[in-house]
Amino acid sequence: MKISPIPLAVRTTCAYCGVGCGVQATPQADGSIGVKGDPAHPANNGKLCVKGSALGETLGLEGRLLHPQVREDGAMRRASWDEALERVARGFSDIIAEHGPGSVALYVSGQLLTEDYYVANKLMKGYIGTANIDTNSRLCMSSSVAGHKRAFGADIVPGCYEDFDLADMVVLTGSNAAWCHPVLFQRIARLKERRPEVMVVVIDPRRTATCELADLHLPVKPGTDVWLFNGLLSFLAREGAMDAPYIDGRTTGLAEALAVANADCADPMEVVRICRVEPAKLLAFYRAFAATAKVVTAYSQGVNQSSAGTDKVNSIINCHLATGRIGRPGMGPFSLTGQPNAMGGREVGGMANMLAAHMDLDKPEHRDLVQGFWNSPRIADKPGLKAVDLFHAIEAGKVKAVWIIGTNPMVSLPDANQVQRALEKCELVVASEIMASTDTTAFADVLLPALGWGEKDGTVTNSERCISRQRAFLPAPGEARADWKILCQVAQRMGFDGFEFGAPHEIFDEHARLSSWRNGADEGGVKRAFKLEGLAGLGAHDYDTLDPVQWPVLRGPGGAAVGTARIDCGGKFVATAPRGPVHAASAEYPLALNTGRVRDQWHTMTRTGKAPRLAGHVPESFVDLHPHDALLYGVREGELARVSSAWGSMVARVQLGGGITRGSVFVPIHWNGQTASDARVGALVSPAVDPVSGEPEFKHTPVMVEHFGVSWHGFLLTRRELALDGVAHWTRIQGSGFARYELAGRTTIAARGAWARSLLGVGEGEDWLEYEDRADGVYRAVHLVDDRIEQCVFVSARPDLPSRAWLAGLFDLETIGREERAGLLAGRSLGKTVDAGPTVCACFGVGRNTLYETIRFRKLTEVSEVTACLKAGGNCGSCVPEIKSLLVEARMAEDMLEE
Ligand SMILES: Nc1nc2c(c(=O)[nH]1)N[C@H]1C(S)=C(S)[C@@H](COP(=O)(O)OP(=O)(O)OC[C@H]3O[C@@H](n4cnc5c(=O)[nH]c(N)nc54)[C@H](O)[C@@H]3O)O[C@H]1N2
Ligand SMILES: Nc1nc2c(c(=O)[nH]1)N[C@H]1C(S)=C(S)[C@@H](COP(=O)(O)OP(=O)(O)OC[C@H]3O[C@@H](n4cnc5c(=O)[nH]c(N)nc54)[C@H](O)[C@@H]3O)O[C@H]1N2
Ligand code: SF4
Ligand SMILES: [Mo]
């Protein structure tokens, strides 16, 4: 008898958001990887959201970049590592020799591991001698970093997740945590369940899924947060709600900050007018904040991604300083970090205006300390170019070589068409990637295959300063190498010593030692909060078995590492004079474009786009408008619209009633040139940035919306790779064993049969069913191979096409029977295969129709009952807000029947 070994779970950390959940990955007998939450990880105690749960579906090698490639005579060809590394090292060295160190740059990512990031930063700042290394964290957290530094003197998040269990009031501002930090959001949901009296306030111009928990939703006018929080500071002073001993003992600068707050915001009615919120709601918020000691104010991109982002951060922190609510249990300002290692990147000084280990570029004693520790030939002595400026400098020809690692700037930077011009112009574009084809790799001269999640080894730091290990459980695919290794190999080829690392733990050790080196008040020391003293000197084994720990990490009795849950840091008030977004709406561009995330996709979809389970929730890009604005601008729900700004344009499906206020539209960030013909929202976004942090104003670009007229709508499902030439508009998502394309055309198709066969590449004599109703403009065709459905295409003059969920179900069948064939031609299910509708619960694959019908048929009134019947909502909980709205919808339908 063959005894199969018990599969061993590898404990690692989720690849996605800054919650930083612990994951157990277990190789299964069939070669797949089982993914579960790690019950022992403090960030999630065993829970995972749907993106985390679907990690196993993203590990396939389809589309991966497996070998180095170099450009030759305009085309990419496979190359050896030797050749590719040499081309990068020589290219960088030659350009530096001719034009100086400032003519090259690195553009990296908060999704790199701390070890990768450390090496990149060391190479640029200590060896090449320029601070031209910036990161996508500039687009993400740089306003929080700048705000922390102004208030606390260092980039410190004083609180921790436990504060969300202990709080009596949670304010979520500029955060759609229900979709973007789901496991933390569920923690708040549990708090509210345990203690319903806990007050949850959501401040967001949209009524998002996060509002499901809110006792109070303040739908502020976009960009007015500073008025709101200045008004709060002023209110706290007037009501005597400030903590005078704390202010006297631990803070500076109140008088100036308060004077500025009082100047514009002393009268709540003035705040009401500017922020456009109801007076009673505003006062309810102010009074509750004044009366409740244990308040956590958590914030994310509605705060950071603004031309006043740093001031927004400080206006929030000011209110916490005024009440002494910093770094104490159940209270504090809390920056929700986006990427899995946003925080780690900041620790190694991975941005253009920072130095390693929380030291500053502009302080000679800090530079000496770092250079001395590295024993490096140089040290950058002035800030490098921040992301947006960097790509302008590339277009201007000042920066001639850029190495992009772990980010997709052609999609994610603002004014993305400018990025294209820059990359086209740049002499040497190097990209380290896991995927072969992205919007950015198309412009690379050298492509370097990197290890991805599950293959690479190192550490990440989450929103609460918790350092935890990402561990490999898969072999390296193809010739892919770890990012740190590629960087070290280039550094060595450039002739630099200091990069002889053999394994990640050696890099981590150097990082930990630097953080504690001369880190004290003694002579020659530079005291800083970031300290990993207790982690210095970890050997391979201790590093491998490292448990999650929050910095600062000190050395306890017996040498044990002792982490720190909260940092009681005191602080400085910052005067924040309110100002609106850089570009206001105009007659030409009357609407404000707000951009952000959807529940089941991650950024540019290179990984989540592979998981069928994640595709059904939001299958294509959309533009969400208020119904009045839709009427005003002549666009209709379900049809297409062109959204344009002064910088660019895109096409998306019109959606109404997504809880958006008049005058704004919302478009998701995820779709790009790989997943749609024309849905890259970055092309529209204004390049305006915050003057302090350099973070772009991603949430506020003036745009116009107009009807995108088409002569037909359609979609196709296929098991094959297709080139969709000549289709005016298409968008693609991954199904289980097939790809689904939504299509639209602007020219009438003369002979539909011939057109469909040529589009799908189907020859004469193949099993081909078709149906046409010329009068109605309806056409359907199905291609079968051995009685199994291979592809199908549906076209109609109107967007009233059959259910994709029903058709997707047919792709699971081994044979298509008579009844299904008839159904295919009729365009609806005639047999047993029911139409589940669009996915609501991605964990258990439960569709909207199934939920709605079950709720009505069984007369369900509570989410728990729905979960009991269908499991939906019972795992990660991300779909609970949607189930709740279906319960309401069903109840309304019942009420109407009764009347
Ligand atoms: N599903 C999913 N989760 C993710 C990610 C993902 O791609 N997909 N990405 C991760 C990353 S890197 C990040 S940075 C985080 C981002 O997480 P979040 O910041 O929560 O997400 P966003 O959707 O960018 O924006 C948050 C909210 O800000 C609101 N907002 C816009 N303008 C204003 C304003 O002027 N004031 C206020 N108060 N609010 C405003 C928007 O309406 C939006 O609902 O998510 C992380 N988690
Ligand atoms: N309009 C608009 N734009 C935005 C935002 C917004 O709200 N609105 N948000 C901004 C924010 S907060 C963020 S964080 C950015 C995110 O934007 P990006 O960083 O551009 O988005 P990702 O898709 O995460 O890009 C990561 C890339 O790295 C690759 N990759 C994955 N793992 C590895 C690895 O281990 N090594 C290497 N070398 N490559 C890897 C992936 O395939 C992918 O191409 O977008 C920003 N852009
Ligand atoms: S909340 Fe979801 S995406 Fe974020 S770390 Fe946890 S499992 Fe991953
Ligand atoms: Mo982010």
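Read the numbers this way: they start at 1 and go in the same order the structure lists the ligands and their atoms. Being a predicted model, the structure only gives us computed values, none of them experimental. Position 1 is the first residue of the sequence, and the numbers go up from there.
- A salt bridge links Glu882 with Arg599: at least one charged nitrogen is closer than 4.0 Å to a carboxylate oxygen.
- Considering backbone and side-chain atoms alike, Arg206 places an N or O below 3.5 Å from some N or O of ligand 1.
- Checking only distances, Gly223 does come within under 3.5 Å of ligand 1, N or O to N or O.
- Atoms of ligand 1 lying under 4.0 Å from at least one heavy atom of Gly596, given by number and element, are 23 (O), 24 (O).
- Every N/O-N/O distance between Thr438 and ligand 2 stays at or above 3.5 Å.
- Protein heavy atom at the shortest distance from atom 16 (C) of ligand 2 is His603 ND1, 3.3 Å.
- With hydrogens left out, the protein atom closest to atom 36 (N) of ligand 2 is Asp483 OD2, 2.7 Å, a heavy atom.
- The Trp179 neighbourhood of ligand 1 comprises atoms 1 (N), 2 (C), 3 (N), with distances under 4.0 Å to a heavy atom of that residue.
- The proximity of Leu336 to ligand 1, defined as any non-hydrogen pair under 4.0 Å, does not occur for either the backbone or the side chain.
- An N or O contact shorter than 3.5 Å links Arg599 to ligand 1 by distance.
- Nearest protein heavy-atom contact of atom 2 (C) of ligand 2 is Phe698 CD2, 3.1 Å.
- Outside the 6.0 Å centre-distance limit, the rings of Tyr589 and Trp647 are not counted as a close aromatic pair.
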Quiz prompt | Worked verdict on Ser693 versus Ser143 for side chain to side chain donor-acceptor pair (under 3.5 Å) | solution = CA-CA 5 Å; Ser693 67; Ser143 296; 3.0 Å; yes
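- The pair Asp311-Arg579 meets the salt-bridge criterion, with a side-chain N (NZ, NE, NH1 or NH2) lying under 4.0 Å from an Asp/Glu carboxylate O.
- Distances between N or O atoms of Lys699 and those of ligand 1 include at least one value under 3.5 Å.
- For the side-chain hydrogen bond (donor to acceptor under 3.5 Å, both in side chains) with Ser144, the qualifying choice from Asn304, Asp155, Thr310 is Asn304, the only one to do so.
- Residue Lys386 places its NZ atom among more than 12 non-hydrogen atoms of other residues, nucleotides or ligands, all under 6.0 Å distant.
- Judged by the shortest distance from any of its heavy atoms, Lys312 lies inside the 4.0 Å radius around the atoms of ligand 1.
- Around atom 44 (O) of ligand 1, the closest heavy atom drawn from Asp204, Leu614, Asn176 belongs to Asp204.
- Listed by number with element, the atoms of ligand 2 under 4.0 Å from a non-hydrogen atom of Ile669 are 1 (N), 2 (C), 6 (C), 7 (O), 8 (N).
- Close contacts between ligand 1 and Thr173 involve ligand atoms 38 (N) [criterion: under 4.0 Å to a heavy atom].
- Heavy-atom proximity to Val685, at under 4.0 Å, picks out these atoms of ligand 2: 1 (N).
- The single protein non-hydrogen atom nearest to atom 15 (C) of ligand 2 is Ser412 CB, 4.0 Å, given as residue, atom name and distance.
- Heavy-atom contacts of Leu451 reach the following atoms of ligand 2: 34 (C), 35 (O), 36 (N) (cutoff under 4.0 Å).
- Close contacts of ligand 2 with Ser432, meaning ligand atoms under 4.0 Å from a residue heavy atom, involve 37 (C), 38 (N), 39 (N).
- Counting protein heavy atoms only, atom 37 (C) of ligand 1 is closest to Asp225 OD2, 3.4 Å.
- Among all protein heavy atoms, the one lying closest to atom 31 (C) of ligand 2 is Ile434 CD1, 3.5 Å.
- Residues Arg469 and Thr12 have side chains not in contact (no heavy-atom distance under 4.5 Å, counting atoms from C-beta outward).
- Close approach of ligand 2 to Lys456 is summarised as follows: ligand atoms under 4.0 Å from at least one heavy atom of the residue are 34 (C), 35 (O).
- Remark: ligand 1 and Pro205 share no N or O pair separated by less than 3.5 Å (distance only, no angle test).
- Proximity to Ala450 (heavy-atom distance under 4.0 Å) selects the following atoms of ligand 2: 36 (N), 37 (C), 38 (N).
- Remark: the backbone N or O of Phe698 is not paired with any side-chain donor or acceptor of Gln305 at under 3.5 angstrom.
- Residues Tyr299 and Leu172 have side chains not in contact (no heavy-atom distance under 4.5 Å, counting atoms from C-beta outward).
- Contact check on Glu455 versus Arg64 returns a salt bridge, with a Lys/Arg side-chain nitrogen under 4.0 Å from an Asp/Glu carboxylate oxygen.
- Within ligand 1, the atoms closer than 4.0 Å to a non-hydrogen atom of Cys140 are 14 (S), numbered from 1 in the order shown.
- Interface of Gln111 with ligand 2, defined as ligand atoms under 4.0 Å from a residue heavy atom, comprises 19 (O), 22 (P), 24 (O), 26 (C).
- In this structure the side chain of Thr297 reaches within 4.5 angstrom of the side chain of Phe289, judged on heavy atoms.
- A heavy-atom separation below 4.0 Å is not found between Lys221 and ligand 1.
- Short contacts between ligand 1 and Gln339, defined as distances under 4.0 Å to a heavy atom of the residue, involve ligand atoms 12 (S).
- Within the 4.0 Å heavy-atom criterion, neither part of Trp453 lies near ligand 2.
- Between Lys312 and Asp225 there is a salt bridge, since a side-chain N of the basic residue sits under 4.0 Å from a carboxylate O of the acidic one.
- The protein heavy-atom contact nearest to atom 13 (C) of ligand 2 is Arg597 NH2, 3.8 Å.
- Scanning the protein heavy atoms around atom 29 (C) of ligand 2, the nearest turns out to be Glu433 OE2, 3.2 Å.
- The protein atom (non-hydrogen) at minimum distance from atom 26 (C) of ligand 2 is Gly406 O, 3.3 Å.
- Of the polar atoms of His181, none of the N or O atoms is found under 3.5 Å from an N or O of ligand 1, judged by distance alone.
- Considering Tyr16, Phe229, Trp602 only, the shortest heavy-atom separation from atom 10 (C) of ligand 1 involves Trp602.
- Remark: among candidates Thr440, Asn304, Thr407, the nearest residue to atom 18 (P) of ligand 2 is Thr407, based on non-hydrogen atoms.
- Checked by distance only, ligand 1 and Cys180 come closer than 3.5 Å through their nitrogen or oxygen atoms.
- When hydrogens are left out, the protein atom nearest atom 11 (C) of ligand 1 is Gly338 CA, 3.3 Å; that is the closest non-hydrogen contact.
- At least one cation-pi condition fails for Arg187 and Tyr161: the charged atom is not both under 6.0 angstrom from the six-membered ring centre and inside a 45 degree cone around its axis.
- Looking at Leu139 against ligand 2, both its backbone and its side chain come within 4.0 Å, counting heavy atoms.
- On a distance-only criterion, Thr595 and ligand 1 share no N/O pair closer than 3.5 Å.
- Checked by distance only, ligand 1 and Gln305 stay at 3.5 Å or farther apart across all their nitrogen or oxygen atoms.
- Among all protein heavy atoms, the one lying closest to atom 14 (S) of ligand 1 is Gln301 NE2, 2.7 Å.
- Which parts of ligand 1 touch Gln601 is read off a 4.0 Å heavy-atom cut-off, strictly below it: atoms 1 (N), 2 (C), 6 (C), 7 (O), 8 (N).
- Atoms of ligand 1 found under 4.0 Å from any heavy atom of His670, numbered from 1 in the order shown, are 7 (O).
- The proximity of Cys17 to ligand 1, defined as any non-hydrogen pair under 4.0 Å, is limited to the side chain.
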Practice problem: Any chance you could lay out the salt bridge (charged side-chain N to carboxylate O under 4.0 Å, His left out) test for Asp600 and Arg613, step after step, and finish with the verdict? | Solution: CA-CA 9 Å; Asp600 292 358; Arg613 187 169 9 154; over 6 Å; no
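- For ligand 2, the atoms sitting less than 4.0 Å from at least one non-hydrogen atom of Met435 are 42 (O), numbered in the order shown with element in parentheses.
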